[in-house]
Amino acid sequence: MNTVYLDNAATTRVAPEVLEAMLPFFRDQFGNPSSFHSFGSSRMEAIEKARGQVARLLGAKTEEIYFTSGGTESDNQALRGAVKIDSARRGIVTSAVEHPAVLETAKALKEDGCTLGIAGVNRNGELDLESLKELVNQQTAIVSIMAANNETGVIMPLAEAAEIAHEAGALFHTDAVQMVGKSPIDVHALNIDILSLSAHKLHGPKGVGAIYIKKGIKLPPILTGGYQEKGVRSGTYNAPGIVGLGKAAELALTHLKDTVVRERILRETLEKRVVESCPGSFVVAAGAKLRLPGTVTVIFKGIESEAVLTLLDMQGIYASSGSACSTGSENPSHVLYAMGVNYIQANSALRFSLSRYTTEEEIDRTVGTLSTIVERLRRISPYTE
Ligand code: PLP
């Protein structure tokens, strides 16, 4: 059975070119890049090449990129590092719709004595800039606002949020894990101080990512050790992973313009046809000003998303539930909740996330299968307005 993978916000397939680029670093070029001998140290060239590839995708300088183990680590370093810089600034301000990598880290830091302010979003999942402004003050160390939401695809007003942070003398961090490689982002144009990204969301390998730290900012490390990455992130270089991330970034940049257009057309087709063919369904954040080209959450009123997911899975179509994005979580999505979606509707949410490999035929098949499934489930659980 041909499968249809529409869960690219969770993770993406490794691009064949990425795998090819990585393989020599598993096979024979296995030396430690930090070694004195040339068999190891010559790997450093590949690391530096990857740093340049990532920097270009972000509009950053090469020396502003540091490799990490992924988005979670980069987010942790941004927050945990920022509150250590100045003992008079121990405040964190973030939004209610952040990924747990930010929200749970911020909550943990609150337990350690930091202050925490959480800005709300409107019904379209867009950041409430007024509420952000009220929370930021002279004690704020860092304002952390995600670039694009992993459930709704809503793109946040980063330049405006950065300005609010900077007016109070705070750092501005963005978790751009869902944005990088899917939609253009320029760290200097948007005045971003720190940015997190993850390779596995842009057709790179899992377990590797990067943190962009604007030149001049001294962000304390969370991992101390062998002083790799100029001490910003110690630990033996994951050379194959870093090379894979570099190649993935290069490919993302090459395909970016086309991907944005193609994914948007496919996603809009999916949305339109699902809403037409499945009574009682609607697109979450449909009224948002800016959304990622390829991510959408749809609510199927009166139907449990897990039932739809299971039946789709049986047909080889893989999507995800908007309500339990974290492993083992049975709580409805904190993102939908923050947007004012009620508990029952949040349990009826399904996320479809596309990639540059998604085809029109896959969208056709998904819509056809979905409407049959929803019709079947409606017979058991009729939708009433
Ligand atoms: N931030 C966002 C917005 C994400 O969607 C994810 C992954 O789902 C992460 C952070 C965590 O990234 P990683 O899986 O690389 O730790």
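Note that the structure is predicted; figures quoted are calculated from it, not measured. One-based numbering, in listed order, for ligands and for the atoms of each. Worth knowing before you read on, the calculation uses all heavy atoms, side chains too, and leaves out hydrogens, waters and symmetry mates.
Annotation: cation-pi geometry satisfied between Arg13 and Tyr357 (NZ/CZ under 6.0 angstrom from ring centroid, within 45° of ring axis). For the pair Arg43 and Phe39, the cation-pi test (distance below 6.0 Å, angle within 45°) is passed.
Side-chain contact check for Val83 versus Asp112: every heavy-atom pair is 4.5 Å or farther apart.
Few gaps surround CZ on Phe282; more than 12 heavy atoms of other groups in view lie less than 6.0 Å from it. For Glu111, the CD atom counts as loosely surrounded, since its 6.0 Å shell holds 12 or fewer non-hydrogen atoms of other residues, nucleotides or ligands.
Residue Lys201 places a heavy atom under 4.0 Å from ligand 1. In this structure, Glu73 has no heavy atom closer than 4.0 Å to ligand 1.
Atoms of ligand 1 lying under 4.0 Å from at least one heavy atom of Gln178, given by number and element, are 3 (C), 4 (C), 5 (O). Set against the non-hydrogen atoms of Ser198, the atoms of ligand 1 under 4.0 Å away are 13 (P), 15 (O). Remark: ligand 1 atoms within the under-4.0 Å shell around heavy atoms of Thr72 are 11 (C), 12 (O), 13 (P), 16 (O). Listed by number with element, the atoms of ligand 1 under 4.0 angstrom from any heavy atom of Gly70 are 15 (O).
Nearest heavy-atom pair across Ser353 and Ala9 is OG-N, 2.8 Å.
Residue-to-ligand polar distances keep Met146 apart from ligand 1: every N/O pair is separated by 3.5 Å or more. Remark: ligand 1 and Ser69 share no N or O pair separated by less than 3.5 Å (distance only, no angle test).
Nearest non-hydrogen protein atom to atom 14 (O) of ligand 1 is His200 NE2, 2.9 Å. Closest to atom 4 (C) of ligand 1, if we only count protein heavy atoms, is His99 CD2, 3.2 Å. In this structure, the protein non-hydrogen atom closest to atom 13 (P) of ligand 1 is Gly71 N, 3.6 Å. In this structure, the protein non-hydrogen atom closest to atom 1 (N) of ligand 1 is Asp175 OD2, 2.6 Å.
No part of Asn149 comes within 4.0 Å of ligand 1, judged by heavy-atom distances.
With no hydrogens or angles considered, a side-chain donor-acceptor pair links Glu229 and Tyr237 at under 3.5 Å. The closest side-chain donor-acceptor pair between Ser333 and Glu151 falls under 3.5 angstrom.
The pair Arg233-Glu73 meets the salt-bridge criterion, since a charged nitrogen lies less than 4.0 angstrom from a carboxylate oxygen.
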